[in-house]
There are 2 protein chains.
Amino acid sequence: MGKCEQCIIKQFNALKSLSKEELVRISSCKTSMIIKKGDVIFEEGDSINGVYCVKDGICKLSKLSSNGKDQIVKIVVKGDLLGQRSLITGETANLQATALNDMELCFIPKNEIVNDLLNNSKFSFDVLKEMAHDLKEADDIIVNMAQKTVRQRLAETIIYIHENFGTNPDGTLSVLLSREDFANIVGTAVESAIRVLSQFKKEGLIVTIGKRIKINNIEGLKRVE
Amino acid sequence: MGKCEQCIIKQFNALKSLSKEELVRISSCKTSMIIKKGDVIFEEGDSINGVYCVKDGICKLSKLSSNGKDQIVKIVVKGDLLGQRSLITGETANLQATALNDMELCFIPKNEIVNDLLNNSKFSFDVLKEMAHDLKEADDIIVNMAQKTVRQRLAETIIYIHENFGTNPDGTLSVLLSREDFANIVGTAVESAIRVLSQFKKEGLIVTIGKRIKINNIEGLKRVE
DNA sequence: AATGAAATATGATTAAAATCATAATTCCAT
DNA sequence: ATGGAATTATGATTTTAATCATATTTCATT
């Protein structure tokens with residue numbers, strides 16, 4: 001099993017602020033796990049009792065609404081932490097985490113990491129920063145949901161994924177989402193999402209290769225009204 | 001000028017976790033201010049350079065969207081802190097804060113409080129908890145915005161204000177909002193908000209006394225489809 | 001009390017998106 | 001390779017909410 005103190009993934013999240021000793025201790029109690037595409041890591045209401053560090057793969061954080069639709073709130077990628085919010089409030093999970101492709105995760109039990117949060121202020125300040133960043137993004141999503149059209153939200157989602165998660169060598173978005181996932185990010189019906197994507201294609205803003213999407217005219221996408 | 005160490009307001013926020021010494025130091029550098037109803041405390045893009053502690057009054061946190069509408073993201077009341085998020089990330093304000101009635105605020109400069117965040121882990125953990133709570137609420141709002149009707153969102157907003165901020169002796173909501181404010185919380189047009197409120201009135205779910213709203217049938221409101 | 005502006009209210013029409021229906025395509029397991 | 005399920009796609013219709021147009025009411029100011 002890999003050692004936390006040598007793991008390069010930690011550079012991308014708050015764990016980088018832990019001391020060598022703290023990392024060695026965490027390393028000895030962490031569990032590694034492989035999650036298959038489509039599997040649920042935790043669901044709403046679960047007691048998570050720790051945090052996950054994403055070593056590889058991508059997952060979605062979503063919440064089931066009363067109308068039966070699953071709203072995606074965030075995409076979590078390699079290097080991110082998962083479950084910090086519940087860890088801090090001590091509540092059960094507010095969201096469901098589902099793997100979008102095969103994943104490799106490390107699970108750090110609550111007991112181990114809570115002490116570090118209380119004793120290592122650099123670490124807790126880093127977690128605070130990440131949480132503050134998430135809160136800003138969530139506020140911005142609220143504004144977009146409330147005030148923008150499906151067309152605008154979908155254009156922005158494609159740009160967001162492009163800018164934050166990058167592309168494959170052929171230029172397609174590296175995060176592969178189904179049309180249903182797009183609908184569940186944007187908060188619309190699957191048919192509406194598909195329709196708008198078709199429209200974008202007709203307008204030359206994007207190109208599709210199977211279900212993969214490639215941005216063809218990013219300036220045009222940004223100007224979508 | 002009042003002293004922080006004797007101020008009862010701090011019991012309602014993370015400042016309660018500061019030591020007597022820390023409070024005395026903060027007390028000596030804080031500024032008290034009176035803000036009139038409708039005045040802007042800070043706007044998007046401002047460098048806040050500190051946090052505000054709300055001693056009295058209520059304000060809204062909102063963001064101007066490209067369509068010209070002002071989306072309200074949060075209502076901040078007596079006892080809450082204001083500006084923590086920007087303080088932590090060191091960014092300029094993401095939201096605008098506008099007083100909904102006359103307010104009394106204490107402003108604590110960044111320099112003073114940042115040290116406490118880095119040195120007093122109980123305090124920073126408290127701030128972390130508040131931020132985690134805000135993030136959960138924001139996630140829930142995203143889901144509601146995306147998946148519920150204006151009617152449902154407005155019903156939930158009335159219930160939320162009732163449960164979180166209470167009522168006046170006559171039973172009306174203690175937080176007095178204009179129909180436009182309701183529209184900007186729900187993310188709809190003013191006319192639509194007014195129409196739905198009229199409908200609620202016809203259905204006997206609420207009663208209005210001028211612009212004030214009183215819940216008449218909370219179970220019915222909760223069941224709104 | 002009179003005046004006028006702002007806020008609230010309601011109706012008519014239009015626009016956006018959901019829903020329902022049905023093809024066409026892709027993809028996976030056998 | 002092939003059948004069948006899942007996904008993607010598109011059309012027709014309905015629903016929801018926005019917009020435009022006017023009243024009506026409320027409220028602060030003179």
Side-chain angles (χ1 to χ4, degrees), chain A residues 36-38 65-71 98 100-102 144-155 157-158 172-173 176-203 206-214 224-225, chain B residues 36-38 60 65-71 98 100-102 144-158 172-173 176-203 206-214 224-225:
Chain A
K36 278 198 215 122
K37 176 177 174 174
S65 181
S66 43
N67 66 358
K69 280 185 190 158
D70 198 43
Q71 180 63 33
T98 313
L100 288 170
N101 51 29
D102 292 349
N144 286 342
M145 284 293 174
Q147 307 289 354
K148 295 189 177 171
T149 61
V150 166
R151 203 173 137 78
Q152 289 173 308
R153 267 139 54 200
L154 192 45
T157 299
I158 293 170
T172 56
L173 299 181
L176 177 60
L177 298 170
S178 68
R179 301 297 191 252
E180 188 178 12
D181 285 329
F182 274 108
N184 291 346
I185 292 173
V186 168
T188 191
V190 182
E191 300 95 316
S192 298
I194 290 172
R195 228 180 285 274
V196 173
L197 285 175
S198 299
Q199 194 57 37
F200 284 168
K201 213 158 52 168
K202 275 187 198 147
E203 294 169 24
I206 62 169
V207 167
T208 58
I209 303 169
K211 58 157 54 173
R212 297 197 166 269
I213 290 172
K214 181 175 166 180
V224 159
E225 290 282 309
Chain B
K36 279 198 214 119
K37 177 177 174 175
K60 59 181 175 185
S65 180
S66 44
N67 67 357
K69 280 186 191 158
D70 197 43
Q71 179 64 35
T98 312
L100 287 171
N101 51 30
D102 292 350
N144 287 342
M145 284 293 174
Q147 306 290 355
K148 296 188 176 172
T149 62
V150 167
R151 202 172 138 78
Q152 289 173 308
R153 267 140 54 199
L154 192 44
E156 288 182 16
T157 298
I158 293 169
T172 56
L173 299 181
L176 177 60
L177 297 170
S178 67
R179 301 297 190 251
E180 188 178 11
D181 285 330
F182 275 107
N184 291 345
I185 291 173
V186 168
T188 191
V190 181
E191 299 95 317
S192 299
I194 290 173
R195 228 180 284 273
V196 174
L197 285 176
S198 299
Q199 195 58 36
F200 285 169
K201 213 158 51 168
K202 274 185 198 149
E203 295 168 24
I206 62 169
V207 167
T208 58
I209 303 169
K211 59 159 50 174
R212 294 194 168 272
I213 291 172
K214 182 173 165 180
V224 159
E225 290 282 308

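What's counted below: heavy atoms across the whole structure, side chains too, no hydrogens, waters or symmetry copies. Order of the sequence lines fixes the chain letters, A, B, ..., with proteins taken first and strands second; residue numbering starts at 1 for each chain.
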(Q) For B:Lys211, is there any backbone N or O sitting under 3.5 Å from a side-chain donor or acceptor partner on B:Arg179? (A) yes
Does B:Gln152 CD have over 12 foreign heavy atoms under 6.0 Å away? yes
note: B:Glu180, atom CD; C:dA5, atom P; distance rounded to Å ~ 19 Å
Please answer whether the main-chain N or O of A:Gln71 pairs with a side-chain N or O of A:Asn184 as donor and acceptor at a distance below 3.5 Å. no
A:Met145 atom CE is separated from C:dA17 atom C1', nearest whole Å, by 14 Å
Within residues 187-199 of chain B, the residues having a heavy atom closer than 4.0 Å to DNA chain C are B:Glu191, B:Ile194, B:Arg195, B:Ser198
note: B:Phe182, atom CZ; C:dA7, atom C1'; distance rounded to Å ~ 14 Å
Between A:Thr157 and A:Arg153 (side chain of the first, backbone of the second, donor and acceptor by atom type, cut-off under 3.5 Å), is there such a pair? yes
Heavy atoms, side chains only, cut-off 4.5 Å: are B:Thr188 and B:Leu154 in contact?
no
| message | Taking any heavy-atom pair under 4.0 Å as a contact, classify A:Lys201: base, sugar-phosphate, or nothing. | response | sugar-phosphate
Residues B:Gly187 and B:Met145: closest non-hydrogen pair is N-CE, 4.3 Å
Contacts of B:Lys201 meeting side-chain hydrogen bond (donor to acceptor under 3.5 Å, both in side chains) (sequence neighbours excluded), chain-then-number -> B:Thr208
Sorted by chain and residue number, the side-chain hydrogen bond (donor to acceptor under 3.5 Å, both in side chains) partners of B:Ser178 (sequence neighbours excluded) come out as B:Asp181
_Heavy-atom side-chain proximity of B:Lys148 to A:Ser66 below 4.5 angstrom_ = yes
Any donor-acceptor N/O pair, B:Asp102 side chain to B:Lys36 backbone, under 3.5 Å:
no
query = Closer than 4.0 Å, any side-chain N/O of A:Lys69 to the OP1 or OP2 of C:dT19?
reply = yes
In the 5' to 3' direction, the nucleotides of DNA chain D bounding the stretch that comes under 4.0 Å of a heavy atom in chain A are D:dT8 to D:dA12
With heavy-atom distances below 4.5 Å as the criterion, would you say the side chains of B:Phe200 and B:Val224 are in contact?
yes
Angle separating the five-pair end axes of the helix from C:dA1-D:dT30 to C:dT30-D:dA1, nearest 10°, is 50°
B:Arg179 CZ to C:dT10 C1', in whole Å, measures 14 Å
Do the side chains of A:Leu176 and A:Asn101 get nearer than 4.5 Å, heavy atoms only?
no
Check nucleotides 22-30 of chain C for protein N or O atoms closer than 3.5 Å to its own N or O atoms and list the pairs.
none

Electrostatic pair B:Glu180-B:Lys60, nearest N-O below 4.0 angstrom:
no
